[in-house]
Student: 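Got a structure here, written out as structure tokens. Questions coming.
Throughout, protein chains are lettered first and strands after them, A, B, ... in sequence-line order, and every chain is numbered starting at 1.
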There are 2 protein chains.
Amino acid sequence: MKFEEAQEEFIRAWGELGSSWGVSKTMAQIHALLLSSSKPLSTEDIMNELNISRGNANMNIRALISWGLTKKAFMPGERKEYFESDKDIWNISKQVAQERKRRELDPMRRVIDELVTVEAKTTEEKEFKMMLKELQSYTKSADRLIDKLSRSDKNWFFKLVMKLI
Amino acid sequence: MKFEEAQEEFIRAWGELGSSWGVSKTMAQIHALLLSSSKPLSTEDIMNELNISRGNANMNIRALISWGLTKKAFMPGERKEYFESDKDIWNISKQVAQERKRRELDPMRRVIDELVTVEAKTTEEKEFKMMLKELQSYTKSADRLIDKLSRSDKNWFFKLVMKLI
DNA sequence: ATTTATTTTCATTTTTTATTGAAAATACAA
DNA sequence: TTGTATTTTCAATAAAAAATGAAAATAAAT
């Protein structure tokens, strides 16, 4: 398989994965493009490679930056902005985990913490409350796990996996 | 806070979470409704509680069943079908992890396994290949981790979390 | 076999989300 | 400054996804 084919397929698959993770397809595709490119790319490069409009490219580049997955690359003597993505999968995983925690887990935890104070008189209501308390305990563990992950290094993770298998 | 308010808020929050996980809002809301209800519910109950059409209710109940999150409840003497959801958060987590593995991780792994055979002559192409190999190694670990998780019990998980924190 | 209750399907409509492209804003250079 | 390149915004449009509702199919009861 040739590089161009592989790159194209990688972009396609990454984009599709993004969709089932609630991330815009284009955002995931731009990420894939940057991951598979050794040099930083300009907005125009991205527009051309993916056949998308300037507005679309710009919006999704900003989104990638806000996710901490892409940053501006300094290009001496160039007026245009260039962008690059960290290719270290461990860093990417940590970054995604942290952002999803911030955007989804934290707000959900706040809601649950509020809901567990529900008054429960009947048996049914007590069951509901118990379920919420269990959920609270799991989300707390998930929270801690992500914090731990974020402070750990690649090696720690692989050693852990080894031990667990 | 009263039960009805809490239930309503739980359904709202669970539905929103679903959206950012690539799951239809209604499917997540039906799940939340069943999780917060001590008795099995009929399609009509669900339609009424969530103000949705029969077609919508039916489709999303089927989706929940295909995710292994809901099953028919046997109701002696009843002609209608009733549905219930397992409320054990550990079971739910395992089930979601397994389904997402099957639907997303496995296909992605197949693609990556194919892509790593890409011929890489230039330095840039070698970098791309290295990134793919790293990705391959991570997806393999994730795969094993989910398998292990699925065979483990609640206690194992919490003990692990304790040790890690 | 016929009626009645219930579920499923799916063409149509609605809603939501993503994309475009051109105008406005900004940043830089001469 | 003034002009030029570049980025950003956003109203309009397009595309995708979800929801409706009524007809068809199925299953149970008489």
Side-chain angles (χ1 to χ4, degrees), chain A residues 11-34 40-67 69-84 103-104, chain B residues 11-34 40-67 69-84 103-104:
Chain A
I11 290 170
R12 193 206 53 73
W14 206 248
E16 201 181 313
L17 193 67
S19 301
S20 53
W21 277 74
V23 164
S24 129
K25 192 189 65 177
T26 302
M27 176 175 151
Q29 288 182 335
I30 295 175
H31 192 216
L33 177 61
L34 291 172
L41 302 178
S42 69
T43 304
E44 296 219 324
D45 294 334
I46 291 167
M47 287 164 60
N48 294 334
E49 287 289 336
L50 302 178
N51 287 301
I52 58 175
S53 71
R54 183 174 300 283
N56 195 8
N58 183 70
M59 299 277 255
N60 282 292
I61 289 167
R62 298 304 134 192
L64 278 169
I65 290 173
S66 94
W67 273 79
L69 294 172
T70 295
K71 58 177 188 179
K72 292 182 190 179
F74 179 64
M75 284 275 150
E78 285 278 6
R79 191 150 160 189
K80 276 191 235 181
E81 287 182 324
Y82 283 75
F83 305 96
E84 64 187 347
R103 293 165 194 242
E104 295 154 29
Chain B
I11 290 171
R12 194 206 53 74
W14 205 248
E16 200 181 315
L17 193 67
S19 300
S20 54
W21 277 76
V23 164
S24 127
K25 192 188 66 176
T26 302
M27 176 175 149
Q29 287 182 336
I30 295 176
H31 192 216
L33 176 61
L34 291 172
L41 301 178
S42 69
T43 303
E44 296 219 324
D45 294 335
I46 293 168
M47 287 164 59
N48 294 334
E49 287 289 337
L50 302 177
N51 287 301
I52 59 176
S53 70
R54 184 173 299 283
N56 194 8
N58 182 69
M59 299 279 254
N60 282 292
I61 290 166
R62 298 306 135 191
L64 277 169
I65 290 173
S66 93
W67 273 79
L69 294 172
T70 295
K71 58 178 188 177
K72 292 182 191 177
F74 179 64
M75 284 276 151
E78 285 279 3
R79 192 152 160 187
K80 276 194 237 183
E81 287 183 324
Y82 283 75
F83 305 97
E84 64 186 348
R103 292 164 194 242
E104 295 154 29

Student: Just verifying a value: how many Å separate B:R54 CZ and B:M59 CE, rounded to the nearest 0.5 Å?
Tutor: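 The CE atom of B:M59 is 14.5 Å from CZ of B:R54, to the nearest 0.5 Å.
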
Student: Which atom pair, heavy atoms only, marks the closest approach of B:L33 to B:E49?
Tutor: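 Between these two residues, the closest heavy atoms are CD2-CB, 3.7 Å.
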
Student: Between C1' on C:dA11 and CE on B:M59, what's the gap in Å once rounded to a whole number?
Tutor: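 Computing the B:M59:CE to C:dA11:C1' distance gives 12 Å.
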
Student: Closest nucleotide of DNA chain D for A:R54 versus for A:S19: which of these residues is on the 5' side?
Tutor: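 Per heavy-atom nearest nucleotide, the more 5' residue is A:R54.
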
Student: Could you state the CE-P distance from B:M27 to D:dA19, rounded to the nearest angstrom?
Tutor: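 Answer to the nearest Å: 12 Å.
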
Student: Compare side-chain N and O positions of B:N56 against OP1 and OP2 of D:dA18 and report whether any pair is under 4.0 Å apart.
Tutor: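 Result: no.
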
Student: If I take atom OG1 from residue A:T26 and atom CD1 from residue A:I46, how far apart are they, to the nearest 0.5 angstrom?
Tutor: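 It comes to 11.5 Å.
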
Student: Using a 4.0 Å cut-off on protein heavy atoms (strictly under), produce a 5'-to-3' string for nucleotides 25-30 of chain C with B for base contact, S for backbone-only sugar-phosphate contact, and - for none.
Tutor: --BBS-

Student: What is the distance from CH2 of A:W21 to P of C:dT17, rounded to the nearest Å?
Tutor: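 From A:W21 CH2 to C:dT17 P: 20 Å.
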
Student: Taking the side chain as C-beta and beyond, is there a heavy-atom pair between A:F83 and A:I65 under 4.5 Å?
Tutor: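 With C-beta onward as the side chain, the pair touches.
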
Student: Could you tell me the separation between the CG atom of A:N60 and the C1' atom of D:dT8, rounded to a whole number of Å?
Tutor: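 Distance, rounded to whole Å: 14 Å.
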
Student: If I take atom CE in residue B:M75 and atom P in nucleotide C:dT7, what distance separates them, rounded to the nearest angstrom?
Tutor: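 Distance, rounded to whole Å: 13 Å.
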
Student: Just the rounded figure in Å: distance from P of D:dT6 to CZ of A:F83.
Tutor: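 Going from A:F83 (CZ) to D:dT6 (P), I get 13 Å.
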
Student: Does a nitrogen or oxygen in the side chain of A:S24 sit under 4.0 Å from OP1 or OP2 of C:dT17?
Tutor: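 For C:dT17, neither OP1 nor OP2 has a side-chain N or O of A:S24 closer than 4.0 Å.
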
Student: Does D:dT8 have OP1 or OP2 sitting under 4.0 Å from an N or O in the side chain of A:N58?
Tutor: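 For D:dT8, OP1 or OP2 has a side-chain N or O of A:N58 closer than 4.0 Å.
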
Student: Is any side-chain N or O of B:R62 closer than 4.0 Å to OP1 or OP2 of C:dT8?
Tutor: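 For C:dT8, OP1 or OP2 has a side-chain N or O of B:R62 closer than 4.0 Å.
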
Student: Is the shortest side-chain N/O distance from B:T26 to OP1 or OP2 of D:dA19 below 4.0 Å?
Tutor: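 Answer is yes, contact under 4.0 Å.
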
Student: Take the protein atom NZ of B:K80 and the nucleotide atom P of C:dT4, then report the distance between them rounded to whole Å.
Tutor: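 Atom-to-atom, B:K80 to C:dT4, this comes out as 18 Å.
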
Student: Considering only heavy atoms from C-beta outward, does the side chain of B:M75 approach that of B:E81 to under 4.5 Å?
Tutor: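 The answer is no, as the side chains (C-beta and beyond) never meet within the 4.5 Å cut-off.
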
Student: Would you check if B:L64 and B:N60 make a side-chain contact, meaning some heavy-atom pair closer than 4.5 Å?
Tutor: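 Heavy-atom side-chain distance check fails, nothing below 4.5 Å.
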
Student: Is there a side-chain contact between A:S42 and A:Y82 (heavy atoms, below 4.5 Å)?
Tutor: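 In short, these two side chains touch, coming nearer than 4.5 Å.
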
Student: Whole angstroms only, please: what is the CE-C1' distance between B:M47 and D:dT20?
Tutor: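 For the pair B:M47 CE and D:dT20 C1', the rounded distance is 10 Å.
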
